[in-house]
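Each remark here refers to the structure printed beneath this line.
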Amino acid sequence: MKKYVMNRRQFMRYLGYGGIFLASQPLLSACRSFINEQPTAVFEGEPDLEIRLTAKPGERQIFPGPATEVWRYQGEVLKGPSDSLVSIPDSYLGPIFRVKTGTRLRVHFENELPEKSIIHWHGLHVPDHADGHPRLAVEHGETYVYNFRVMDRAGTYWYHPHPHGRTGPQVYSGLAGLFLVHDDGEASLDLPVGDKDLPIVIQDRVFNSENQMVYNTFGMMSQMLGMLGDEILVNGVPDYEIDVERSAYRLRLMNGSNSRIYKLAWEDGTPIHVIGTDGGLLEKPVLRDAITLAPAQRIEIWVDFGNWQPGTTLRMINLPSSAPDSGREMPIFTVTVQDTEQKPVTLPETLTRHEPLDPSQADNVNKLRSFTLQMGRGMRWAINGRQFDMTDVASDEKVQLGDIEVWEFYNQGGTAMPTGGGMSQPHPMHVHGLQFKILERQIDPGEERAYQSLQEGFVDEGWHDTVLVMPGERVRILMQFKDFSGLYLYHCHNLEHEDMGMMRNYQVKNP
Ligand code: C2O
Ligand code: CU
Ligand code: CU
């Protein structure tokens, strides 16, 4: 069913191939030297769900011929409902978590990689010791234990490694998985469930002629742009195909790429009903002709395949845009409509209610902070001129527990550098530990062109943990620092920018 044309290595483009092959990792056996049990109890007593998640080298048959060496998460339910983990067949991706809001979760993360790692629960509101800060990274053979109650609303969250300087290569090797949260409000809606609720994790990779993944961030250009691949994988599979019934589906689109920004659309121009963003369902569905999906972002769409005749093949494509390496159209996945009975379906008019943080509160916020994104010393990306330091928190990076704040990210754009061009890059900015609202965007005069090509696909409604900040743009976000004090991160989710230091701590202080 999955066809593959053996001509894929033609474009090597501007990545300056020196060739680091992940294949050269030493073979390791599971030598558990000691168990570093770090109790992080935020709930009393026993968990409802207990899981062992192991990160280790392995291989996957991605193409005909040699298997591809990958790093992957393997999961096991130790206690609780066995369907809390769903593995994706034939994929290097980690198992999908399926939990209900309120679940008391314990995860034993076992590191069997040949280097340090730690797991971050991207988008979840968790205590700082469960957030996967790089200072908590554990060595090969060690275990880190997470204890937290899932407090977030129904939505599509995810998990991935977060060791300092190595997040990019570890995610690229295959370490990532979805974390789906369900709640009663969602269950009361008539949304597609079961085999009509589909994860679509989009990633790009470069493969060499031996089918091995190539991660190469040497050279000026790739430092500027990050790691861009010429092969698109969906759920770990090239040329992804889905057979659908003539009924409604919920597609959970996630950009799991290191650096690539997508502008997604149906090839026939059918408008897209968006029902959710990073932090779960929107209040009401919104309609877009295309959707812009930056690294780490999720957008959920609702689509009624009953609108097409049986036998129709429909493609989701990446439209040309100003995003790096996006000059041409690219297929993402193909849907084939089966000859089934057409079921009458309706998209709910109201999905959820967003409480209690609302943009109207922005008028009486405690503080406005601004963060300028620019090229810093040594040609490395920086935030307010600073780069990541494991424990350093500047005075303008300290917030009070309970406060509502507006943060402004200003991407200084190309005008600040005489060389222009490559010096201005889009930055998908991510804040750990919470979901925020997007208040407003403002674009500098002269920078409108690149901006406009992606702007039509922005879905700024709803809750977000990652927002794309285009060159010359200021984006204001509104958020509240609730429940937990401690050390969290904010950073660019272009993983190569992050690994190069475009990341900082922020501290939530308990007054
Ligand atoms: Cu998904 Cu700190 O990141
Ligand atoms: Cu995160
Ligand atoms: Cu960036």
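Along the sequence shown, the residues carry numbers beginning at 1. First listed ligand is number 1; within each ligand, the first listed atom is number 1.
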task: Could you check whether the rings of His491 and His430 sit parallel, tilted or perpendicular, using 30° and 60° as the cut-offs?
output: perpendicular
message: Let's test this: below 2.8 Å, count the protein N/O/S atoms around atom 2 (Cu) of ligand 1.
response: 3
query: Would you call the rings of Trp121 and Tyr159 parallel, tilted or perpendicular, where under 30° means parallel and over 60° means perpendicular?
result: tilted
- request: Could you list the residues that satisfy side chain to side chain donor-acceptor pair (under 3.5 Å) with His164, not counting sequence neighbours?
  value: none
- prompt: Are any N, O or S atoms from His430 nearer to the Cu ion (ligand 2) than 2.8 Å?
  reply: yes
- prompt: Below 4.0 angstrom, N of the basic side chain to O of the carboxylate: do Arg386 and Asp396 qualify?
  reply: yes
task: Fit a plane to each ring of Phe484 and His125, take the angle between them on a 0 to 90° scale, and name the class: parallel (under 30°), tilted (30 to 60°) or perpendicular (over 60°).
output: tilted
- prompt: What are the protein N/O/S atoms, named by residue and atom, that sit under 2.8 Å from the Cu ion (ligand 3)?
  reply: His427 ND1, Cys492 SG, His497 ND1
- prompt: Quick check: does any side chain N or O of Thr101 sit under 3.5 Å from a backbone N or O of Asp152, one acting as donor and the other as acceptor?
  reply: yes
task: May I ask you to check whether over 12 heavy atoms, not counting those of Asp90, lie within 6.0 Å of atom CG?
output: no
- prompt: Would you call Glu231 and Arg205 a salt bridge, taking side-chain N to carboxylate O under 4.0 Å as the test?
  reply: no
Side chain to side chain donor-acceptor pair (under 3.5 Å) against Arg298, all qualifying residues, sequence neighbours excluded: His122, Asp465
- request: Hey, can you tell me if Trp407 and Phe409 have their rings parallel, tilted or perpendicular (30° and 60° cut-offs)?
  value: perpendicular
